[in-house]
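What follows is a set of notes on a single structure, which appears directly below.
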Number of protein chains: 2
Amino acid sequence: MDQRQALIAFGALSQETRLHIVRMLVVSGPDGMAAGAIAEKAEVSPSNISFHLKELERSGLIAQQRESRSIIYTANYEALGGLVRFLMEDCCSGHPEICAPAAEVAACCAPKMKEKLQ
Amino acid sequence: MDQRQALIAFGALSQETRLHIVRMLVVSGPDGMAAGAIAEKAEVSPSNISFHLKELERSGLIAQQRESRSIIYTANYEALGGLVRFLMEDCCSGHPEICAPAAEVAACCAPKMKEKLQ
DNA sequence: TCAATGATTCAAGGATTATTGAAATATGGA
DNA sequence: TCCATATTTCAATAATCCTTGAATCATTGA
């Protein structure tokens with residue numbers, strides 16, 4: 001993730017409906033959610049959700065795939081991880097204050113992280 | 001960091017000049033930088049840098065303190081850490097793909113992280 | 001007190017982004 | 001083919017954000 005992409009990703013996450021969408025898709029996992037289901041849960045009109053989904057896809061934070069009549073959206077975990085990484089990058093050189101709180105949350109990933117820290 | 005704050009923080013980071021400012025301040029550490037120095041490095045007019053610094057301060061990602069005639073800005077490491085945390089929160093419940101890449105970068109914080117992972 | 005320095009505020013404008021509803025597209029089944 | 005469903009696209013409006021330059025405020029030293 002370079003700075004250009006990060007800018008777009010931050011912009012994508014800076015809007016209430018879109019942040020809501022991303023969090024829903026992260027939770028819903030690889031099955032994702034259809035556009036209509038997202039619109040319903042977010043209580044937004046179809047055309048409006050479409051606008052925001054497009055913006056999120058442009059940012060690379062989500063992906064789409066057609067399944068019959070529905071279009072299924074899924075979170076792009078790599079891109080989200082890349083954004084976290086971008087946020088932490090400059091900091092770690094001398095400023096573990098930023099990484100440390102992340103480590104707390106990352107405790108759930110303990111097995112994978114322990115590998116990395118060997 | 002709650003969702004409302006995160007929205008503002010993402011918005012703050014979604015603008016080129018502001019993202020540049022934050023990265024400079026993170027690197028410059030606790031000494032921070034004066035508004036004028038920031039404006040010079042970012043090649044932006046004083047009034048424009050002031051506009052963006054205000055926005056960043058509103059987001060809580062940076063803080064200011066007057067020192068003689070200058071106003072010194074510093075990165076708020078807690079807030080930045082809080083944002084990283086927020087980004088990772090929903091993910092870890094079943095989706096360590098997001099946390100894992102973060103762990104790579106966080107290797108610099110290994111001592112602190114190993115404590116947390118005991 | 002006066003001038004110089006460092007920075008902010010303000011109003012005007014230009015630019016971008018968000019919302020809305022109507023129309024269009026794509027798919028699957030009767 | 002025709003209809004219903006699921007979604008997107010488009011154009012118009014509304015709202016927000018960014019930039020600019022002039023004016024203002026705060027601090028320091030002569």
Side-chain angles (χ1 to χ4, degrees), chain A residues 3-25 28 31-76, chain B residues 3-25 28 31-76:
Chain A
Q3 170 154 334
R4 194 191 124 275
Q5 276 185 293
L7 271 170
I8 296 174
F10 286 134
L13 294 175
S14 71
Q15 205 280 339
E16 195 166 11
T17 302
R18 288 197 297 260
L19 185 53
H20 190 187
I21 292 172
V22 169
R23 303 192 81 175
M24 284 196 297
L25 291 182
S28 78
D31 288 348
M33 292 174 74
I38 296 170
E40 201 175 353
K41 268 230 172 187
E43 299 182 13
V44 189
S45 76
S47 86
N48 189 246
I49 213 76
S50 195
F51 169 82
H52 289 303
L53 286 169
K54 196 179 171 191
E55 193 68 12
L56 281 170
E57 218 208 346
R58 189 175 75 91
S59 79
L61 294 176
I62 71 173
Q64 65 165 202
Q65 80 203 86
R66 180 176 281 277
E67 191 154 312
S68 177
R69 264 182 287 213
S70 297
I71 294 184
I72 307 292
Y73 286 89
T74 47
N76 181 343
Chain B
Q3 170 152 334
R4 195 192 123 272
Q5 275 186 293
L7 272 170
I8 297 174
F10 286 134
L13 294 175
S14 71
Q15 205 279 339
E16 196 167 11
T17 302
R18 289 197 295 260
L19 184 55
H20 190 187
I21 292 172
V22 169
R23 303 192 82 175
M24 285 196 296
L25 291 182
S28 78
D31 288 348
M33 292 173 73
I38 297 171
E40 201 174 353
K41 269 230 171 186
E43 299 182 13
V44 189
S45 75
S47 85
N48 190 246
I49 213 75
S50 197
F51 170 81
H52 289 303
L53 287 170
K54 196 179 171 189
E55 193 67 12
L56 281 170
E57 219 209 344
R58 189 175 75 92
S59 78
L61 295 176
I62 71 173
Q64 66 164 200
Q65 78 203 86
R66 180 176 280 277
E67 191 153 313
S68 176
R69 265 183 287 215
S70 298
I71 293 183
I72 307 292
Y73 286 89
T74 48
N76 182 344

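Order of the sequence lines fixes the chain letters, A, B, ..., with proteins taken first and strands second; residue numbering starts at 1 for each chain. Keep in mind that the numbers below use all heavy atoms, side chains included, and drop hydrogens, waters and symmetry copies.
Residues of residues 5-24 of chain B having a heavy atom closer than 4.0 Å to DNA chain C: none are found.
A close approach under 4.0 Å does not occur between any side-chain nitrogen or oxygen of A:Tyr73 and OP1 or OP2 of D:dA6. One finds a side-chain N or O of A:His52 lying less than 4.0 angstrom from the OP1 or OP2 phosphate oxygen of C:dT19. At D:dT20, none of the side-chain N or O atoms of B:Ser45 fall inside 4.0 Å of OP1 or OP2 (strictly under the cut-off). Residue B:Asn48 has a polar side-chain atom (N or O) positioned under 4.0 Å from OP1 or OP2 of D:dT19. For A:Ser68, no side-chain nitrogen or oxygen approaches OP1 or OP2 of D:dA6 to under 4.0 Å.
Residue B:Ile8 holds its CD1 atom at 5.0 Å from CZ of B:Arg58, rounded to the nearest 0.5 Å. The CD atom of A:Glu16 sits 11.5 Å away from atom CZ of A:Arg18, with the distance rounded to the nearest 0.5 Å. The NZ atom of A:Lys41 lies 7.0 Å from the CE atom of A:Met24; values are rounded to the nearest 0.5 Å. Taken to the nearest 0.5 Å, the CD1 atom of A:Ile62 stands 11.5 Å off from the NE2 atom of A:His52.
One can place CD of A:Gln64 at 18 Å from P of C:dT25, the figure rounded to the nearest angstrom. Rounded to whole Å, the distance from CD on A:Glu55 to P on D:dT8 is 14 Å. One can place CD1 of B:Ile71 at 15 Å from P of D:dC25, the figure rounded to the nearest angstrom. Note: NZ (A:Lys54) to P (C:dA18) measures 13 Å, nearest angstrom. As a whole-Å value, the separation of B:Phe51 CZ from D:dC17 P is 8 Å. If you take CD1 of A:Ile72 and P of C:dT27, they are 14 Å apart, rounded to a whole angstrom. Computed from coordinates, the B:Ile38 CD1 to C:dT8 C1' distance equals 14 Å when rounded to whole Å. Atom CD in B:Glu40 sits about 14 Å away from atom P in C:dT5, given to the nearest Å.
On a pure distance criterion of 3.5 Å, a polar donor-acceptor pair joins the side chain of B:Ser47 and the base of D:dG21.
Smallest separation of non-hydrogen atoms from A:Thr74 and A:Asp31: CG2-C, 4.1 Å. Of all heavy-atom pairs spanning B:Asn76 and B:Gly60, the tightest one is ND2-O, 3.1 Å.
Backbone-only engagement by B:Ala34 is indicated by non-hydrogen atom pairs under 4.0 Å involving sugar-phosphate atoms exclusively.
Residues B:Glu67 and A:Ile49 both approach DNA chain D. Their nearest nucleotides, taken by heavy-atom distance, put A:Ile49 toward the 5′ side. Checking A:Arg66 against B:Pro46, the closest nucleotide of DNA chain C that is more toward the 5' end is the one next to B:Pro46.
The number of heavy-atom neighbours closer than 6.0 Å to CD of A:Gln3, taken from other residues, nucleotides and ligands shown, is above 12.
Nearest to the side chain of B:Leu53, among C:dT9, D:dT8, C:dT8, sits C:dT8. Side-chain proximity of A:Ser50 to the nucleotides D:dC18, C:dG6, D:dT9 is greatest for D:dT9. Which of C:dT8, C:dT20, D:dA6 sits closest to the side chain of A:Arg69 comes down to D:dA6.
Using a 4.5 Å heavy-atom cutoff, the side chains of A:Leu61 and A:Leu25 are not in contact.
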